[in-house]
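All heavy atoms count here, side chains included; hydrogens, waters and symmetry mates do not. Within every chain, numbering begins at 1; the chains are lettered A, B, ... in the order of the sequence lines, protein sequences first and strands thereafter.
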Number of protein chains: 2
Amino acid sequence: MGGKKIRNMEEFASVSGISRPTLSKYFNDPTSVRASTRKRIEDAVERFDYRPNLYAMNQNRKLTRNIGIVVPYLADPFFAEIARTVEEHVLETGYRPVLLGSHGSPELEIENLENLRLIKPAGVLLAPSGRTSDRDAIAAFCDEVPTVLFDANIENVGEAFVGSNNDQSIGLIVEYLCRTGEPPVFFEMENPTNPNAHKRRNAYIAAMERLDHKPHLIQAPGEGWEFEEIGFREGARVVRDRTLPTNTILCSNDRLAIGFLSAAYEAGLRVGIGQGCAMRVAGHDDHPFSRYSCPTLTTVSQDYKAIAKKSAEILMQRIDTGIPADSRTETVFDGRLIMRGSA
Amino acid sequence: MGGKKIRNMEEFASVSGISRPTLSKYFNDPTSVRASTRKRIEDAVERFDYRPNLYAMNQNRKLTRNIGIVVPYLADPFFAEIARTVEEHVLETGYRPVLLGSHGSPELEIENLENLRLIKPAGVLLAPSGRTSDRDAIAAFCDEVPTVLFDANIENVGEAFVGSNNDQSIGLIVEYLCRTGEPPVFFEMENPTNPNAHKRRNAYIAAMERLDHKPHLIQAPGEGWEFEEIGFREGARVVRDRTLPTNTILCSNDRLAIGFLSAAYEAGLRVGIGQGCAMRVAGHDDHPFSRYSCPTLTTVSQDYKAIAKKSAEILMQRIDTGIPADSRTETVFDGRLIMRGSA
DNA sequence: GTCAAAACTTTACGCGCGTAAATTTTATAA
DNA sequence: TTATAAAATTTACGCGCGTAAAGTTTTGAC
């Protein structure tokens, strides 16, 4: 509003009547100046619409207030949601989140990390692509930048890992399914992109054996992130062939389940728990859309809010203390059974 | 690989045997140096793992090679997809895309633009939040940074607008629905967040009148971006009350339709075109999940690839020429009818 | 009112790079 | 081979800010 454009902090110092070093202190931490000074600066900022040059601020800094957030696939609503939540936590602590999606490509994942290095982030929250991730490249990155992994673990890489307790959550839903009907077969991808998939498969097998049932796996061919399509294709095959030893299917994740439900519907097969239902289908993740599938999808929720919060907290603590944790921690949160119509 | 860490371009110049100004030229445009020199530099970059300091590079520049991409809601798969596509086009031109989602909040939208100003982007691709957007703030931003609007238009703001031809696409599906059964009612939100919603409503009314049918609107209460929930709630009400003048419903967008389908399913109402079907439901957008709804959703696709490409092209042209277009252009792409099971 | 601590000002230098101007080297063609 | 344009080098300065050191003012407890 005031008048002419302020070009730099020097000019802003003269028009605002505050010395440049004090302004510099303020812009790097507003609470580091006296309240009365802060008010004068803030009024002047408002009046002259001055913002310090971000690039000049950061050029001499070892690291910035940027926090990188990297997820494998932003178009997957699950990752979009968890990224959003992580973003909010980062913002709350006064850091600047920088969101990057890898479009399911491990090359882009590495490139994203490369680009992050250029902006000298104070830390990074990384959900690795999984199986296809370049372990060595990621490990090298983590040596330079404090990094917390979430969702998918890579053994001994990064400061910490925060994710879901797949043993517990899969155990939970296997037990529920067995208690309320026939024991489930496990439906997954032949070559899952996600390392959680392997944990879930093992958890399923363990849970079935614990309950004295014989595990049975259906492994759908297919690559990439088109999970619904894979679930649909294999679902169509399964209901056509009718070779299942049971009427109950536990899918490795909700997106597969949604595709499966679609195939069952197309085949005229009624899915659910009521009378007249030919089969039961359950998922895992409590995907945002699973409450609107037909029937609504019984699943296990991942506590993604807790995961987001915890991973942000660990990273912030690591940044604030400046010292690497003496030991790498792994935190997993329990899932909750979400009983809906499909099983 | 080589040896010690290179700290700056000066050091890199001495170890690589290339003068610093030439290196500077190279890093700002690799093609601006002779091929033989380029090769020598690239070998040295490889050997010494040197990257110029991004912040020092940009501090004296009027603008950078950053391109901002702002969408209202990244957790909406439609925006996630279109953002992804835009991102790819930007990357191809050698610019650095910076993706920002506004989480449906107009305040965050303005904040995102503020933050973008700090990084001095060469241009911005903005999908406004719609009705709730702060027009003046966005217009002010567009005066400073070359900005192309996409998806949602704001009259006379930005260099150009690229979007969908709602008149054509709604006309298309209304005509299809009328031709194959009862004329549709139009189902939308009472206070739609999206300006396209108004265009679609008007297009529906116009199309119905053109075909000598009486338009009929159902306007669901509800705020925010939980479209499926709103579609579900109002859908449940509609099928319970059975006060419709027709058996055919055209939803303002696919996410409302998916919610509606879920409600119909829960009520035991069969949706589709076969015999024994109580009603038909159609959507708009060809949302990524609409091919897996039950039944699969008949809809109109938005040509989001064309939208993404065109808006990126216009922006790049604006940036390359450096001159603002003599007149603001508005480009709209036709939709395609996607015939599936629901109508 | 006194006084020490805290906060601020003044002065001054450095960071890593962009970039202009003058000069020298290299490539290309006559 | 020589002329000439193109490219690279040398030299030098500036950008906007961080930050250290020394001096001055303000604050708040007594």
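A heavy-atom distance below 4.5 Å is not found between the side chains of A/Glu11 and A/Phe48. Within the 4.5 Å cutoff, no side-chain heavy atoms of A/Met316 are placed close to those of A/His89.
Side-chain contact of B/His103 with A/Glu87: a donor-acceptor pair under 3.5 Å is present, judged by distance alone.
In this structure, B/Thr64 contributes its side chain and B/Ile119 its backbone to a donor-acceptor pair below 3.5 Å. A donor-acceptor pair under 3.5 Å is absent between the side-chain atoms of B/Asp134 and the main chain of B/Glu107, judged by distance alone. At distances below 3.5 Å, at least one donor-acceptor pair connects side-chain atoms of B/Asn112 with backbone N or O atoms of B/Gly101. With B/Thr147 contributing its side chain and B/Val145 its backbone, the two residues share a donor-acceptor pair below 3.5 Å.
Defining each end axis of the helix from C/dG1-D/dC30 to C/dA30-D/dT1 as the rotation carrying four pairs' C1' atoms onto the next four, with five pairs an end, the two axes are found to diverge by 10° to 10 degrees.
Using a 4.0 Å cut-off, no side-chain N or O of B/Tyr50 falls inside it from OP1 or OP2 of C/dG16.
Few gaps surround CZ on A/Arg38; more than 12 heavy atoms of other groups in view lie less than 6.0 Å from it. Counting heavy atoms of neighbouring residues, nucleotides and ligands inside a 6.0 Å radius, atom CD of A/Gln317 does not exceed 12 of them. Around the NZ atom of B/Lys120, the shell of radius 6.0 Å holds more than 12 heavy atoms that belong to other residues, nucleotides or ligands.
If you check residues 20-38 of chain A against DNA chain C, the residues with a heavy atom closer than 4.0 Å are A/Arg20, A/Pro21, A/Thr22, A/Val33, A/Arg34, A/Thr37, listed by number. In the region residues 58-68 of chain A, proximity to DNA chain C at under 4.0 angstrom, judged on heavy atoms, holds for A/Gln59, A/Asn60.
To the nearest angstrom, P of C/dG16 lies 17 Å from CG of A/Asn53. For the pair A/Lys5 NZ and D/dG16 C1', the computed distance is 17 Å after rounding to whole Å. Distance B/Phe12 CZ to C/dC15 P: 20 Å, rounded to the nearest Å. Per the geometry, NZ belonging to A/Lys120 stands 12 Å off C1' belonging to D/dC17, to the nearest Å. Atoms OH (A/Tyr55) and C1' (C/dG18) sit 15 Å apart, rounded to a whole Å. D/dG14 atom P lies 16 Å from atom CZ of A/Arg7, rounded to whole Å. Atom-to-atom, CG of A/Leu54 to P of C/dC17 comes out at 17 Å; the value is rounded to the nearest Å. Rounded to a whole Å, the CE atom of B/Met9 is 21 Å from the P atom of C/dG14.
The nearest pair of heavy atoms linking A/Phe150 to A/Phe161 is C-CE1, 3.9 Å.
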